[in-house]
**Student:** 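My questions will all concern the structure given below.
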Amino acid sequence: MINYKDPNYDRFVAPKNERISSYKSRKSEIKLLKREKVKTFKENKRKLLNIKKEKIEEGMSFKEAHYYIAPSFLNLKNRHKNKLKEIKRLNKENRMIIFPFRLFYKPVIFNDNYLLKRQGMPILIGTLLLIIFIISFYFCDPNNVVFNFDEIGSIFGQLFGPQGATSSFKSWGDWWGYMGNTAIPLIWETFVMMFVATTIGAIISIPFMILCASNIIKNHAITNTMKVILNIIRTFPTVVLAIIGVAFFGISQLAGIFAMIIFTAGIMIKIMFEFIETVNMNPYEASISTGASKPKAFLIAIVPQIIPQFLSNFLYTFEINIRASVVLGLVGAGGIGTEISNAVGMFQYNKIGAILIPLFILVFILQVISNEVKKRTM
Amino acid sequence: MIQFENVSKVYPEGTRALSNINLTIKDGEFICIIGLSGAGKSTLLRTVNKMHDISSGSLFVNGTDVSQCKGKSLRELRRGIGMIFQSFNLVSRISVYKNVLSGRAGFHSFWGVLFSHYSKEEKILALKNLELMGILDKAYQRADKLSGGQQQRVALARALTQDPKIILADEPTASLDPLTSKQVMDDFLKINKTFGITIIANMHHVDLSKKYATRILGIKDGQIAFDGRPEELTDEALMKIYGRSLTDNELLEK
């Protein structure tokens, strides 16, 4: 047999057929070794089970007998697992004789020790991402990609003010009047709708975020089921939710509110349960030790930790909802969206400009409030 | 009174943490448990209020069979036993006063806790205990603004507010500096002397244990290797507990 200790020879120097025969002999050796290990494991396991049986016959209860052999059994199992791991490693090393170059490993030889240095993973991932990007770009239908700066310029030119061929405004006064009489009331309507929807959604999300958190609910059947349901709900696009809402409640604001409640709950549950899973559980344990029940301990030890996060996520979701509510108007579920889609359809970009300015101010104010809340509660 | 009779504990993953512990602890004792890490000190302590359940044997705390306690009776058992932790385990965001008051949670309903509907007597008790611990002036500060020693005193005040018969301390001085450790141990002694509360503490410092305890337990591999008064803790006994004698630099003071 070829000296296996010399990795240089086996892997790089020896001719191919020599390497293959070395690989085969080594492989059969490892196979025998594995068979032996499995056999001894099974024998030992049988011995332990016999001891358990004897103990039960001697009058020990089943539970006591189980605990009696449990430590040695688990020890045995762990040792066996480690041996199997070792055999796996041997096999892997053996394969290196035939395929000396591995994608993610670079062989390093130090004092006759053969080490495998992991490398190349970031390069591979980077390359893959680049390839995906190029492919996606190709499928974007490049025939339609026209960089028409003139068009963009003309749209921007029409956004603010009464000018434009399709404009329905005669003067700046008309434009400002439109902003004051139509745009702002509609935005206010959207604001009120979204506030109601976000609040209800956030309140609904509270019990579900707890049910999803695996550090609070120890029954993983519950948490996993809840997580699956949550993911199903979250896959619905807002438009689809709005259409379902319209089907339920007719063309009304209620439909939009319904859609946004579900949307909000999805986001809040997702962000908050992930946060709850990272909170410090020590105070919870301490509270349990004072004789508090689990709900009380949650109230005392976990709630103070999650309130700031809850508030800031509430405001964040609210902001997302206001922007997402534009979509609701497209299916007639209330809010600013209908006006925007009508304006776009008639190429009246200056109407959109009149809507954008107050919308921008609103989002800016929300941002400021959100930052303040974060600063004060953290 | 706490009675261990042939108590054993095997963890689900197979570690045998305690084997055949027989032990009687009288009311008003100040007990320090010493031993190597992983010897079973923590497990022994936590079986008393059933933070860990025992596998076999029986354990009585003031006449109550701990292994039979479930749900409400378990919460009532825990209500009478205070617990102190190495990392203080305070709720860092809320005030010291609220932390201390949360020791009363076991006496109220869920809604009572939600709207913090604590009685006047309870509020006075909480402030009184803070005064006893010498940190009354910190009552309305956030708990995480306090130093380690102060936080451990808040934890002590919280345990005292439960009005317990027993206080369990899981390495109360392990994350404190030597001087603060002594002060905290003084507080334990004060509680032990004035209220007659039984104190059981896991300790890493042998000399601190010797100084404060009325009785010392040495645990080795889940069994009691030493049980006696501090004076009886000789080098041989330490040898038995730790497997070797302590060198000078392992003591807090020479």
Side-chain angles (χ1 to χ4, degrees), chain A residues 45 48 52 55 59-81 206-207 210 218 275 279-312 374 376-378, chain B residues 8-17 19 46 48-51 55-56 71-72 74-95 98-99 101-116 142-143 155 158-159 161-162 164 168 170:
Chain A
K45 193 178 160 186
L48 274 175
K52 189 176 171 182
K55 287 287 168 192
M60 245 187 202
S61 74
F62 181 80
K63 197 180 167 190
E64 275 173 338
H66 176 75
Y67 277 124
Y68 186 82
I69 65 152
S72 11
F73 182 67
L74 282 155
N75 196 357
L76 183 73
K77 221 162 118 185
N78 277 339
R79 262 186 298 159
H80 183 59
K81 218 192 262 169
I206 292 171
I210 296 168
K218 293 290 176 206
F275 180 73
V279 299
N280 180 5
M281 290 299 281
N282 286 342
Y284 181 79
E285 191 198 6
S287 198
I288 290 282
S289 86
T290 67
S293 61
K294 280 178 185 173
K296 277 190 260 178
F298 182 83
L299 215 55
I300 289 168
I302 310 288
V303 169
Q305 295 187 60
I306 62 176
I307 277 184
Q309 205 73 17
F310 185 87
L311 283 179
S312 89
K374 246 185 235 169
R376 268 159 214 257
T377 49
M378 280 294 166
Chain B
S8 294
K9 165 77 185 171
V10 182
Y11 281 110
E13 73 265 18
T15 332
R16 188 174 279 271
S19 47
R46 278 153 191 261
V48 177
N49 61 352
K50 211 179 173 183
M51 295 300 272
S55 310
S56 62
K72 198 166 182 238
L74 177 61
R75 292 200 291 275
E76 268 163 19
L77 172 86
R78 283 180 182 161
R79 220 156 73 173
I81 303 172
M83 195 157 188
I84 307 289
F85 300 85
Q86 178 187 338
S87 47
F88 325 127
N89 294 9
L90 302 178
V91 188
S92 54
R93 277 182 189 290
I94 60 177
S95 70
K98 276 191 178 171
N99 263 297
L101 210 50
S102 77
R104 297 301 292 180
F107 297 84
H108 288 274
S109 69
F110 177 82
W111 301 107
V113 176
L114 180 62
F115 299 112
S116 49
R142 259 174 69 150
R158 175 172 66 188
T161 311
Q162 283 172 246
L168 308 172
D170 197 357

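Chain letters run A, B, ... following the sequence lines, proteins first and then strands; every chain starts at 1. These numbers come from the heavy atoms of this one structure, side chains and all, not from hydrogens, waters or symmetry mates.
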**Student:** Please determine whether side chain to side chain contact (heavy atoms under 4.5 Å, CB included) holds for the pair A:Thr290 and B:Ser102, giving the CA-CA distance in whole Å, both sets of side-chain angles, and the decisive distance to 0.1 Å.
**Tutor:** CA-CA 8 Å; A:Thr290 67; B:Ser102 77; 5.9 Å; no
**Student:** Can you tell me how far OH of A:Tyr67 sits from NZ of B:Lys9, rounded to the nearest 0.5 angstrom?
**Tutor:** 7.0 Å
**Student:** Return the CD1 to CD1 distance between A:Ile307 and B:Ile94, rounded to the nearest 0.5 Å.
**Tutor:** 10.0 Å
**Student:** Which value, rounded to the nearest 0.5 Å, describes the distance between B:Arg158 atom CZ and A:Ser287 atom OG?
**Tutor:** 7.0 Å
**Student:** Got a second to check how far A:Leu74's CG is from B:Thr15's OG1, nearest 0.5 Å?
**Tutor:** 8.5 Å
**Student:** Begin from the C-alpha positions of B:Phe85 and A:Ser289 and carry the test side chain to side chain contact (heavy atoms under 4.5 Å, CB included) through to its verdict.
**Tutor:** CA-CA 10 Å; B:Phe85 300 85; A:Ser289 86; 4.0 Å; yes
**Student:** Using non-hydrogen atoms and a 4.5 Å limit, figure out which bit of A:Ile302 sits close to chain B: side chain, backbone, both or neither.
**Tutor:** neither
**Student:** Can you tell me which of A:Gln305, A:Lys63, A:Glu285, A:Glu64 forms the most heavy-atom pairs within a distance under 4.5 Å of chain B?
**Tutor:** A:Glu285
**Student:** Please state whether the side chain, the backbone, both or neither of B:Arg104 comes within less than 4.5 Å of a heavy atom of chain A.
**Tutor:** neither
**Student:** Please round to the nearest 0.5 Å and tell me the distance separating atom NZ of B:Lys50 and atom CD1 of A:Ile288.
**Tutor:** 13.5 Å
**Student:** Examine whether an atom of B:Ile81 lies under 4.5 Å from a heavy atom of chain A, and if so say whether it belongs to the side chain, the backbone or both; otherwise answer neither.
**Tutor:** backbone
**Student:** Can you see which heavy atom on B:Leu90 is nearest to which on A:Pro283, and at what distance?
**Tutor:** O-CG, 3.3 Å
**Student:** Can you say whether A:Ile300 sits under 4.5 Å from chain B via the side chain, the backbone, both, or neither, judging by heavy atoms?
**Tutor:** both
**Student:** Within the side chain of A:Lys296, is there an N or O that forms a donor-acceptor pair under 3.5 Å with the backbone of B:His108?
**Tutor:** yes
**Student:** To the nearest 0.5 angstrom, please state how far the CZ atom of B:Arg75 sits from the OG atom of A:Ser293.
**Tutor:** 5.0 Å
**Student:** So for B:Thr161, is it side chain, backbone, both, or neither that comes closer than 4.5 Å to the heavy atoms of chain A?
**Tutor:** neither
**Student:** Less than 4.5 Å apart, side chain to side chain, heavy atoms only: is that true for A:Pro308 and B:Arg93?
**Tutor:** yes
